There are 2 protein chains.
Amino acid sequence: MYSAAMSTPERLISATRELLWERGYVGTSPRAIQRLAGAGQGSMYHHFSGKPELALAAIRSTADELRSSAAGVLDGPGTAYERIAAYLLRERDVLRGCPVGRLTMDPDVTADRALRAPVDETLDWLRGRLAEIVAEGTAGGGLRPGLDPQATAAAVAATVQGGYVLARASGSPEAFDTAVRGLLALLAPDDEPAPEA
Amino acid sequence: MYSAAMSTPERLISATRELLWERGYVGTSPRAIQRLAGAGQGSMYHHFSGKPELALAAIRSTADELRSSAAGVLDGPGTAYERIAAYLLRERDVLRGCPVGRLTMDPDVTADRALRAPVDETLDWLRGRLAEIVAEGTAGGGLRPGLDPQATAAAVAATVQGGYVLARASGSPEAFDTAVRGLLALLAPDDEPAPEA
DNA sequence: GTCTATAGTTTGATAGAC
DNA sequence: GTCTATCAAACTATAGAC
């Protein structure tokens, strides 16, 4: 249950975000949202037309936050390699998975253009931003030369998303870390060992 | 609805496999299973104690099949690079995602040791098998020298699982293919361009 | 082995009082 | 704006006839 400092709509959105992350769209019931938000049924249906509208607000909110957070790391200081490494190695709640990527497994989300849009846009933005950095890095930024920016960026984003899958399967974050380590080694040029990161 | 050539338990398991793949554990109801299998309620509960037991049988069946299928490619002819490429590039129904990896997003699956075990074992086997091939390949198998087998294998498996996520987000298989292309370029040695695959 | 009947719960939503 | 009452449908399962 959330702090009384938040407005009821805010609490409903936060609760929905949590539940969508953990249980997905199908697994998230209005009842559970109301319970977690500390709001009554009438209250929920007063502020939102129903589950889809509430889910849309929650997904947008989660997507915006993820994007800001990733941008913070990717826009930071350092060489291209260092910024990609910082992104790959940043603190994550690995076993919870990606709150945005997770939604792609939900048929009710992918089937609904409006619900899928924030998910698509976020991952698309991430790939684009990574591609820019790879493009910078192939000109002396600590990355292996000759890499295709788009393809390399997709591999980076995929490794993160897939790392979550491997980690959740085994019940341990280790597989995620191992995959990231493998990718970082592949990204570094031959002549120099992958920098400590 | 499945062919009458299959026994009722077989039809129930096939139907459950389909639905688990598409909708996950939470999104799969006994009712839907019965409908797809062309079996009555009494029939389902005669052969299986309930949804968990049926799901377990379905997950085991899917996991076994995936493992056999992957083994067929990974045990095939060719250099280490070629076999990994064959695995990454084999025909996939990309937008449907991985029927095993998908289950890791289901809290009811990860919370249940028995249900998670086949998922864990399958992805663990895959990583182990890929690591063996990487280990072979670093000794002249067309792979970039000096790679850590475990870490590289995890990156390969993660790229596939994450590629599904990217593809499903965008509604197109393209992102999967792009990520695979990026990874293959990273796996090849510097001096030779990635072989046509 | 398969069927229908039944049951208790939850889901997602609406109605109307306050 | 929030509450309680109510609803039709679906969920998961059991009982018992055939």
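Naming convention: chains lettered A, B, ... in sequence-line order (proteins, then strands); numbering from 1 in each chain. The model shown is predicted, which means the values in this text are computed figures rather than measured ones. Side chains are part of it too, since the values below use all heavy atoms of this structure and drop only hydrogens, waters and symmetry mates.
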Please tabulate, one pair per line, all N/O donor-acceptor pairs under 3.5 Å involving side-chain atoms of residues 111-119 of chain B, not counting sequence neighbours.
from, atom 1, to, atom 2, distance (Å)
Asp112(B), OD1, Ala114(B), N, 2.9
Asp112(B), OD1, Leu115(B), N, 3.3
Arg116(B), NE, Ala169(A), O, 3.4

* Of all pairs that satisfy ring pair (Phe, Tyr, Trp, His ring centres under 6.0 Å), the ones with a partner from residues 103-140 of chain A, not counting sequence neighbours -> none
* Figure out the CG/P separation between Asp108(A) and dT11(C), and round it to whole Å. => 15 Å
* Structure fact -> Result for 5'-nearest mapping on DNA chain C, choosing between Pro30(A) and Thr8(B), is Thr8(B)
* For Gln150(B), side chain to side chain donor-acceptor pair (under 3.5 Å) partners two or more places apart -> none
* Expressed in angstrom and rounded to an integer, what is the separation of Arg31(A) atom CZ from dT10(C) atom P? -> 6 Å
* Asked: Would you call Asp190(B) and Arg144(A) a salt bridge, using N to O less than 4.0 angstrom?
  -> yes
Under 3.5 Å, side-chain donor or acceptor atoms of residues 171-182 of chain A against the rest of the protein: list the pairs with distances, not counting sequence neighbours.
from, atom 1, to, atom 2, distance (Å)
Ser172(A), OG, Glu174(A), N, 3.1
Thr178(A), OG1, Glu174(A), O, 2.9

* **Residues forming a salt bridge (Lys or Arg N to Asp or Glu O under 4.0 Å) with Arg90(A), sequence neighbours excluded** => none
* Residue pairs passing the salt bridge (Lys or Arg N to Asp or Glu O under 4.0 Å) test where at least one lies in residues 41-67 of chain B, sequence neighbours excluded -> Arg17(B)-Glu65(B)
* DNA chain D contacts made by residues 44-57 of chain A, counting heavy atoms under 4.0 Å -> His46(A), His47(A)
* Remember a base hit wins even if backbone is also touched, and classify Gly42(B) as base, sugar-phosphate or nothing at under 4.0 Å, heavy atoms. => base
* Structure fact -> Outer limits of DNA chain D sitting under 4.0 Å from a non-hydrogen atom of chain B, read 5' to 3', are dA10(D) to dT14(D)
* **Sequence neighbours excluded - salt bridge (Lys or Arg N to Asp or Glu O under 4.0 Å) pairs with any residue from residues 68-80 of chain B** => Asp75(B)-Arg129(B)
* Roughly, in whole Å, what's the span from CZ in Arg23(A) to C1' in dT11(C)? -> 13 Å
